[in-house]
Amino acid sequence: MNEKMPNMDYDADEVINEFKEKIKWPKKGEVQAVVKPTKLPLRILISLLITAVIGAAAYYMMLPALNIHDSQLYMFVILLVAVFMIVFSFACNANKKIERKEYVKKKSIVPIIIVAVIAVVMAVGFLTGITLFRANSYSQLMTVEEGNFETDFEEISYDKVPRIDAVRAHTLADQQLGSLSEYKSQYVVSAHSTQINYKNTPVRVAYLEYADFFKWINNTKDGLPAYMFIDLVSQKVTAVNCVDQFGEGIKYSPTELFNEKIYRHLRFQYPTALLDTPNFEIDDTMHPYWITAVLDKTIGLFGGTDVKGVIITDALNGESNYYDIEEVRTSADLSWIDVVYSESLLIEQYNYYGKLQNGFWNSLIFQNDVNIASSGSGNIAMDDDVWVYTGVTSSEADASNFGFVLCNQRTKETRYYENAGAMEEAAQKSAKDAVQNYGYNATFPILLGIDSTPTYFMSLYGDSNTVKGYAFVSLEDKTVVGTGLLDVAKSDAKALNSALENYIDALKEKGVADDVDKDDIIVDEADMESSDNNDQPSTDVPPVDNNDAPEVKDGVVTGEVTDIKTSVNNGNTVYYLQIDGGEYYYIKVTDAMEVLLVNKGDKITVEFEKTSDTFIPATAIKR
């Protein structure tokens, strides 16, 4: 029986080690041959097809310009090379067979060379365009002329300048949209608005956005039905219905997700163009357009950004036309365009001009004649264009400005004014201190000429972002302040004039304006209010049809409500009620809370003040 027993005289560790030797993965130095995969052309073709699919998806998202001056194009090419090599590696089973892995490594030398060449080109292109080597070229991107303050600011009246900024304009537009039942549940007002001149009146226009993804699904077929029109002087807000006015909604905008997304739409139309962010604007007929600056890199491969042309895109149907920048500057047919050069680009170019005129090292060490734009900027309307205003200070961030510049956003014309005085932030603080018991804040200042005296103008606002008053602060002496509050004056026009009167009195106390006659400067309040009431866009209400006139007697009208519109004026919601398809009667909600309960089709009685205006002021509403 023992003879049949197996021989147990062996070492178990030796057996295990022998087994490991048979199945172990060979080391790199132990591979004796690099095996070429079978069906290699097919594997390459499959890799190329998969790379093309992934590349198409990446291009759809990244949208690089097919232009050597776009750094994203180089990153896109590097991405394609990396994707191809990863896919080709899997196609060759390099993750499973060491001999295939060595083959893929051997063939990777070409893609590595391609990536290295791209990296070298980018590095050289970057180095040839940095300010260290090209300071003189950068300083010449912008031409700056000397401006005459008294002449240029002579026709800018304080009652025609913007009284609210972008943040306050958005708040009013949001309030207005919230009062319109047909829009408020589906759309929100975009935080991005454009300040333009509409028939010599400074306004902001803001497109709508879909409230969320599901609202987009529900409404994208018809597009955005309206946009918001905010008068920066009267502070009136209007929702301009594009469907009623032009027969269709806004089909192309940043809020779309696929081919109708405005930037993607433009990229497919102009694949080689370097596109700036599109601006939303309207022409003199209130038709909405997208204005997109086409950029150029004038220094090295990626430096010296400037504008060489403009693409005008119809926001309704997506039709686009390209115009050279010189044509935009000179053509009367294109003068309605207001924003071509962005604020950031203009300020960047001015900083190059101010810092690098005497060379790169001077801007860092000696700093002779070095100056830069101050920390903030604003907009004013002049010569029927929109100009960017910013103070000029030293590179060491002094507590005061020694001048300021105006930059035209359509033509890039730039004017420098040598008027020393307080920085904008200091003027804001002076205005806030003057009303510190109310806790109001001040908007970014706008520079005006009050009897040829450089003066900062600001609106004062509270926690609700609505205007509570106005302030004037002297540029040369920030302690000279004049304020006027709506709570005290009881009207916008009176508050504005009260602020100016107090400012002139403060100037006289300082002995600056002893011979100034207030009557020569202050605008009549009735004229101011009349002008504000007439600033509503003509498309706000449809034409009046008097074929079926309502019953009107002794300042009282009774009839059916056929249309209801609303606007936000000075923070107050105003209802416009059309009676029997005839005249519109308007009243503030605070004057008649019953108006909130009025619906189309209701029969109501309106007491009103007799007037020949298109919009008739009502004094009472009875249901």
Determine yes or no for a side-chain-to-main-chain donor-acceptor pair under 3.5 angstrom, with [X] supplying the side chain and [Y] the backbone.
X	Y	result
Asp314	Glu319	no
Asp174	Val188	no
Glu424	Gly391	yes
Asn358	Asn362	no
Ser47	Arg43	yes
His265	Tyr252	no
Gln357	Asp369	no
Arg264	Arg267	no
Tyr74	Ile68	yes
Thr220	Gly223	no

Heavy atoms, side chains only, cut-off 4.5 Å: are [X] and [Y] in contact?
X	Y	value
Met228	Tyr207	no
Asp306	Gln349	yes
Ser394	Val370	no
Tyr417	Val405	no
Asn259	Tyr60	yes
Leu66	Tyr59	yes
Phe84	Leu48	yes
Pro278	Ile262	yes

Q: Please report the C-alpha distance between Trp216 and Tyr187 in whole Å, then the side-chain angles of each, then the deciding distance to 0.1 Å, and finally whether the ring pair (Phe, Tyr, Trp, His ring centres under 6.0 Å) criterion is met.
A: CA-CA 9 Å; Trp216 172 80; Tyr187 311 97; over 10 Å; no

Atom of [X], atom of [Y] and distance for their closest heavy-atom approach:
X	Y	result
Ala206	Ser193	CB-CB, 3.8 Å
Thr292	Asp276	CG2-O, 3.3 Å
Met286	Phe246	O-CZ, 3.4 Å
Val243	Gly249	CG2-N, 3.9 Å
Ser363	Leu356	OG-CD2, 3.9 Å
Ser374	Asn401	CB-OD1, 3.9 Å

[X] atom [atom1]: more than 12 heavy-atom contacts under 6.0 Å:
X	atom1	result
Glu425	CD	no
Met75	CE	no
Lys261	NZ	yes
His287	NE2	yes

Q.
Less than 4.0 angstrom from a charged side-chain N to a carboxylate O is my criterion; do Glu413 and Arg415 meet it?
A.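 Looking at Arg415 together with Glu413, the answer is yes, because their closest N to O distance falls below 4.0 Å.
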
Q) In terms of side-chain geometry, is the basic nitrogen of Asp338 or Arg410 positioned less than 4.0 Å from the acidic oxygen of its partner? A)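 Between Arg410 and Asp338 there is no salt bridge, as every charged N stays at least 4.0 Å from the carboxylate O atoms.
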
Q | Working for side chain to side chain contact (heavy atoms under 4.5 Å, CB included), residues Ile291 and Val339 | A | CA-CA 8 Å; Ile291 309 301; Val339 180; over 6 Å; no

Q) Can you tell me how far the CD1 atom of Ile347 sits from the SG atom of Cys407, to the nearest 0.5 Å? A)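 It is 7.5 Å, given to the nearest 0.5 Å.
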
(Q) Applying salt bridge (Lys or Arg N to Asp or Glu O under 4.0 Å) as the test, list every pair that has at least one member in residues 211-222; sequence neighbours left out. (A)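 Non-adjacent pairs meeting salt bridge (Lys or Arg N to Asp or Glu O under 4.0 Å): Asp212-Lys215.
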
Q) What do the steps show when you test Thr443 against Ile164 for side chain to side chain contact (heavy atoms under 4.5 Å, CB included), and what is the final call? A) CA-CA 7 Å; Thr443 59; Ile164 52 176; over 6 Å; no

Looking just at side-chain N and O atoms, do [X] and [Y] make a donor-acceptor pair shorter than 3.5 Å?
X	Y	value
Asp296	Thr298	no
Thr255	Ser253	no
Glu256	Tyr210	yes
Gln367	Lys355	no

For residues 121-136, which side-chain donor-acceptor pairs fall under 3.5 Å, sequence neighbours excluded?
| residue | atom | partner | partner atom | Å |
| --- | --- | --- | --- | --- |
| Thr128 | OG1 | Val124 | O | 3.0 |
| Thr128 | OG1 | Gly125 | O | 3.0 |
| Arg134 | NH1 | Thr128 | O | 3.0 |
| Asn136 | OD1 | Gln140 | NE2 | 3.3 |

Q. Tyr416: what forms a ring pair (Phe, Tyr, Trp, His ring centres under 6.0 Å) with it, not counting sequence neighbours?
A.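 With neighbours one apart ignored, the set is empty.
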
Q: Could you note down all residue pairs passing ring pair (Phe, Tyr, Trp, His ring centres under 6.0 Å) where residues 308-337 supplies at least one of them, sequence neighbours left out?
A: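 Of all non-adjacent pairs touching residues 308-337, those that pass ring pair (Phe, Tyr, Trp, His ring centres under 6.0 Å) are Tyr289-Trp336.
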
Only one of [options] forms a side-chain contact (heavy atoms from CB on, under 4.5 Å) with [X], so which one is it?
X	options	answer
Ile372	Thr390, Val392, Asn351	Asn351
Thr194	Glu281, Arg204, Gln409	Glu281
Pro254	Tyr263, Phe280, Trp290	Trp290

Taking distance alone, no hydrogens or angles, what donor-acceptor pairs closer than 3.5 Å link side-chain atoms of residues 108-119 to residues at least two apart or in another chain?
| residue | atom | partner | partner atom | Å |
| --- | --- | --- | --- | --- |
| Ser108 | OG | Val104 | O | 2.7 |

(Q) Which residues pass the side-chain hydrogen bond (donor to acceptor under 3.5 Å, both in side chains) test with Lys297, not counting sequence neighbours? (A)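 For Lys297, the residues satisfying side-chain hydrogen bond (donor to acceptor under 3.5 Å, both in side chains) (neighbours in sequence not counted) are Thr305.
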
Q | side chain to side chain contact (heavy atoms under 4.5 Å, CB included) assessment of Thr414 paired with Tyr353 | A | CA-CA 11 Å; Thr414 303; Tyr353 169 84; over 6 Å; no

Q. Could you walk me through whether Leu266 and Gln269 pass the side chain to side chain contact (heavy atoms under 4.5 Å, CB included) check?
A. CA-CA 5 Å; Leu266 289 168; Gln269 289 182 320; 3.9 Å; yes

